[in-house]
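None of the values given here were measured: they were computed from a predicted structure.
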Amino acid sequence: MAAVYQALHRRASSLLCRLHSTYVRKMRYLNKLKEDDSLCRQAQTSGTFYLFHNLSPFLQKAGKKYLVPQLSAAEMRRILEKSPEAEQWMEESVLVGCSDEHIPHFALDLAGALEKSVIESELQGSFTDLRKALFVVDGKDSPLLASAQSLLRWHDSHQYCSKTGQPTQKNPAGSKRVCQASGITYYPQVSPVVITLVSNGSRCLLARQPSFPPGMFTALSGFCDLGETVEEAVRREVAEEVGLEVESLRYSASQHWPFPSGSLMLGCHALVGAQQAEISMDSLELEEARWFGLEEIVEGLKREPRSSKQDDGSSLPWFPPKQAIAHQLIREWVRQQSAQA
Ligand SMILES: NC(=O)C1=CN([C@@H]2O[C@H](COP(=O)(O)OP(=O)(O)OC[C@H]3O[C@@H](n4cnc5c(N)ncnc54)[C@H](O)[C@@H]3O)[C@@H](O)[C@H]2O)C=CC1
Ligand SMILES: [Mg+2]
């Protein structure tokens with residue numbers, strides 16, 4: 001009886017397995033790689049690798065496009081032959097995803113292993129600052145570069161246990177670090193940030209910080225405090241930065257943002273009463289904050305940093321590019337306004 005039951009169970013499991021979508025199987029495989037160290041070590045030998053140097057991703061130019069090359073494990077070994085302790089460097093890689101066929105993808109920062117110029121001339125490409133890279137690569141590659149860099153940065157800055165001061169060890173997948181002395185496990189840190197497009201019904205509010213490039217305006221943003229809900233953070237940030245009281249808010253979408261380290265941007269639309277037109281700006285953080293009408297927003301969306309420059313040296317307003325969630329919030333507002341008109 002038990003044998004029949006086991007056979008039935010096996011058959012049901014295998015049917016279920018076949019029924020699972022490619023996506024479900026892929027997520028389960030990735031999760032297994034994080035949990036099973038020997039499986040992950042083995043996966044490294046057949047995986048592909050994205051390269052970084054001092055947190056700048058390696059890109060190759062192909063015509064007008066910038067590609068993000070993936071190196072095979074064999075190519076990685078060949079490059080690392082030029083460095084002592086090649087195997088040890090391979091172990092520094094972190095898991096960042098896998099293909100539908102379960103070929104795992106890793107990211108590795110080679111700053112300590114080899115000179116930047118050696119790799120660049122060997123592989124015919126260049127390590128490019130992430131701020132530039134995100135905006136020149138294909139749209140599907142930028143989230144991967146952003147999350148890989150955040151993970152590499154986190155490992156680089158969490159080499160020691162904050163309780164014992166002893167070195168921490170990374171697991172092969174790079175999904176955590178452990179201090180052997182205290183037994184404490186550290187997981188990669190994510191900082192939630194609210195980003196809010198405030199509207200008073202007919203106009204929306206955008207602001208600029210002194211560090212922004214000339215002419216760039218964006219939605220209000222701020223890190224969530226410990227213990228705060230997203231709603232409370234939105235209300236507080238809007239009150240702090242522009243002195244307005246949010247009457248209602250709606251969550252729109254989220255985005256991982258690698259600056260300054262690893263933020264989860266939570267995009268919201270907030271409504272303030274039409275009578276609350278007066279902005280009282282926090283001039284410690286902001287340089288300018290003002291209301292924009294629909295027409296001005298539509299014009300601003302057409303501008304690029306270069307085309308915003310005027311003869312007298314000043315700049316007309318322009319907004320973050322489509323890769324930034326601020327851009328999506330502004331576009332949603334335009335669609336909503338146009339639908340109401
Ligand atoms: N993807 C996008 O569309 C946009 C992304 N952002 C990102 O949002 C982030 C936060 O926006 P801000 O207005 O600057 O935040 P903010 O209004 O909270 O002010 C920044 C200050 O908050 C403090 N702070 C609290 N927790 C922090 C943490 N975990 N990490 C760093 N600083 C912390 C620091 O004193 C810092 O100077 C920015 O770093 C920026 O990269 C901002 C606008 C658009
Ligand atoms: Mg802010």
Asker: Please lay out, stage by stage, how K302 and E299 fare under the test salt bridge (charged side-chain N to carboxylate O under 4.0 Å, His left out).
Answerer: CA-CA 5 Å; K302 292 182 198 153; E299 286 307 308; 3.1 Å; yes
Asker: State, with a plain yes or no, whether a side-chain heavy atom of N200 is found less than 4.5 Å away from one of Q276.
Answerer: no
Asker: With under 30° as parallel and over 60° as perpendicular, where do the rings of F127 and H53 fit, or are they tilted in between?
Answerer: tilted
Asker: Quick one: does E228's side chain have a donor or acceptor within less than 3.5 Å of a partner on D225's backbone?
Answerer: yes
Asker: Identify, with sequence neighbours excluded, every residue that meets side chain to side chain donor-acceptor pair (under 3.5 Å) alongside R78.
Answerer: E122
Asker: Got a sec: does the CG of D311 have more than 12 other heavy atoms crowding it under 6.0 Å?
Answerer: no
Asker: Considering non-hydrogen atoms only, spot the tightest contact between P210 and L286 and give its length.
Answerer: CD-C, 4.5 Å
Asker: With side chain to side chain contact (heavy atoms under 4.5 Å, CB included) as the test, would you mind laying out the steps for S93 and Q44 before giving the verdict?
Answerer: CA-CA 9 Å; S93 54; Q44 259 177 18; 3.3 Å; yes
Asker: Would you sort out whether Y186 and S162 count as a side chain to side chain donor-acceptor pair (under 3.5 Å), showing the intermediate values?
Answerer: CA-CA 10 Å; Y186 293 90; S162 55; 3.3 Å; yes
Asker: Quick check: closest heavy atoms across H155 and G174, and the distance to 0.1 Å?
Answerer: NE2-O, 2.7 Å
Asker: Who are the salt bridge (Lys or Arg N to Asp or Glu O under 4.0 Å) partners of K26, not counting sequence neighbours?
Answerer: D100
Asker: Verify side chain to side chain contact (heavy atoms under 4.5 Å, CB included) between L123 and L51, making sure each step is shown before the conclusion.
Answerer: CA-CA 11 Å; L123 296 175; L51 295 189; 3.7 Å; yes
Asker: With a 3.5 Å distance limit and no angle check, can you tell me whether E237 reaches the backbone of V234 through a side-chain donor-acceptor pair?
Answerer: no
Asker: Got a donor-acceptor contact below 3.5 angstrom from the Q124 side chain to the E120 backbone?
Answerer: no
Asker: Let me see the working for V242 and D282 under side chain to side chain contact (heavy atoms under 4.5 Å, CB included), right down to the final yes or no.
Answerer: CA-CA 6 Å; V242 291; D282 168 12; over 6 Å; no
Asker: Can you list every pair that meets salt bridge (charged side-chain N to carboxylate O under 4.0 Å, His left out) and has a residue in residues 259-268, with sequence neighbours left out?
Answerer: none
Asker: Would you say CD of E304 has more than 12 non-hydrogen atoms from neighbouring residues, nucleotides or ligands within 6.0 angstrom?
Answerer: no
Asker: Could you list the cluster mates of F212? Members are the ILVMFWY residues connected by side-chain heavy atoms closer than 4.5 Å, either directly or through other members.
Answerer: M216, W318
Asker: Rounded to the nearest 0.5 Å, what separation is found between the OG atom of S254 and the NE2 atom of H256?
Answerer: 11.5 Å
Asker: How many angstroms lie between atom CG of L110 and atom CZ of F52, to the nearest 0.5 angstrom?
Answerer: 11.0 Å
Asker: Would the distance check show the side chain of S150 and the main-chain N or O of S261 forming a donor-acceptor pair, the cut-off being under 3.5 Å?
Answerer: yes
Asker: With a 4.5 Å heavy-atom cut-off, do Q166 and Q180 have their side chains touching?
Answerer: no
Asker: Kindly work out whether a path of hydrophobic side-chain contacts (I/L/V/M/F/W/Y, heavy atoms less than 4.5 Å apart) joins F58 to F49.
Answerer: yes
Asker: Calculate, to the nearest 0.5 Å, the distance between atoms CD1 and CG belonging to I79 and L108 respectively.
Answerer: 10.5 Å
Asker: Given side chain to side chain donor-acceptor pair (under 3.5 Å), test W333 with S199 step by step and report yes or no.
Answerer: CA-CA 8 Å; W333 185 81; S199 170; 3.1 Å; yes
Asker: If you measure from CD1 on I330 to CD on E332, what distance do you get to the nearest 0.5 Å?
Answerer: 11.0 Å
Asker: So which pairs with a foot in residues 194-209 pass salt bridge (charged side-chain N to carboxylate O under 4.0 Å, His left out), sequence neighbours left out?
Answerer: R208-E287
Asker: Locate the shortest heavy-atom distance separating A289 from I279; write the atom from each residue and the value.
Answerer: O-CD1, 3.7 Å
Asker: Give a yes or no on this: more than 12 heavy atoms of other residues, nucleotides or ligands lie within 6.0 Å of atom CD of E245.
Answerer: no
Asker: Start with the C-alpha distance between V68 and L59, add both sets of side-chain angles, then the distance that settles side chain to side chain contact (heavy atoms under 4.5 Å, CB included), and finish with yes or no.
Answerer: CA-CA 5 Å; V68 189; L59 305 186; 3.9 Å; yes
Asker: Under a single-linkage definition using a 4.5 Å side-chain heavy-atom cutoff for Ile, Leu, Val, Met, Phe, Trp and Tyr, are L329 and L244 assigned to the same hydrophobic cluster?
Answerer: no
Asker: Does any N or O in the side chain of K170 come within less than 3.5 Å of the main-chain N or O of E91, such that one atom is a donor and the other an acceptor?
Answerer: yes
Asker: Using side chain to side chain donor-acceptor pair (under 3.5 Å), reason through H105 and T48 one step at a time and then give a plain yes or no.
Answerer: CA-CA 5 Å; H105 306 320; T48 66; 2.8 Å; yes
Asker: Rounded to the nearest 0.5 Å, what separation is found between the CD atom of E296 and the CG atom of L316?
Answerer: 9.0 Å
Asker: Considering only NZ, NE, NH1 and NH2 on the basic side and carboxylate oxygens on the acidic side, decide whether R290 and E288 come within less than 4.0 Å.
Answerer: yes
Asker: Treating T196 as the side-chain partner and V198 as the backbone partner, does any N or O pair qualify as donor plus acceptor under 3.5 Å?
Answerer: no
Asker: Over all heavy atoms of both residues, which pair between V96 and A107 is shortest? Give the atoms and the distance, please.
Answerer: CG1-CB, 3.9 Å
Asker: To the closest 0.5 Å, what do you measure between CD (Q189) and CG (L151)?
Answerer: 12.5 Å
Asker: Determine the interplanar angle of the W154 and H158 rings, folded into 0 to 90°, and report it as parallel if under 30°, tilted if 30 to 60°, perpendicular if over 60°.
Answerer: parallel
Asker: For M265, is there any backbone N or O sitting under 3.5 Å from a side-chain donor or acceptor partner on S263?
Answerer: no
Asker: Hey, is CD on E115 packed in by over 12 heavy atoms from elsewhere, all under 6.0 Å?
Answerer: no
Asker: State whether the side chain of S175 and the backbone N or O of A173 hold a donor-acceptor pair below 3.5 Å, judged by distance alone.
Answerer: no
Asker: For R331, check salt bridge (Lys or Arg N to Asp or Glu O under 4.0 Å) against everything at least two apart and list the hits.
Answerer: none
Asker: If you define the side chain from C-beta out and look only at heavy atoms, does anything of F223 sit under 4.5 Å from P260?
Answerer: yes
Asker: Y29 and H102: aromatic ring centres closer than 6.0 Å?
Answerer: yes
Asker: Search all heavy atoms of A111 against all heavy atoms of N54 and return the closest pair with its distance.
Answerer: CB-N, 3.5 Å
Asker: Could you walk me through whether Q70 and Y50 pass the side chain to side chain donor-acceptor pair (under 3.5 Å) check?
Answerer: CA-CA 5 Å; Q70 294 182 45; Y50 293 100; 3.1 Å; yes
Asker: Is Q310 atom CD crowded by more than 12 heavy atoms from other residues, nucleotides or ligands, each under 6.0 Å away?
Answerer: yes
Asker: Is the count of non-hydrogen atoms from other residues, nucleotides or ligands lying under 6.0 Å from E278 atom CD greater than 12?
Answerer: no
Asker: Which pair of non-hydrogen atoms, one from L130 and one from P258, has the smallest distance, and what is that distance?
Answerer: CD2-CG, 3.6 Å
Asker: Run K65 and D138 through salt bridge (charged side-chain N to carboxylate O under 4.0 Å, His left out) and show every step you take.
Answerer: CA-CA 8 Å; K65 286 186 173 173; D138 193 272; 5.5 Å; no
Asker: Strictly distance-based, threshold 3.5 Å: is any side-chain N or O of T168 a donor or acceptor partner for the main-chain N or O of Q159?
Answerer: yes
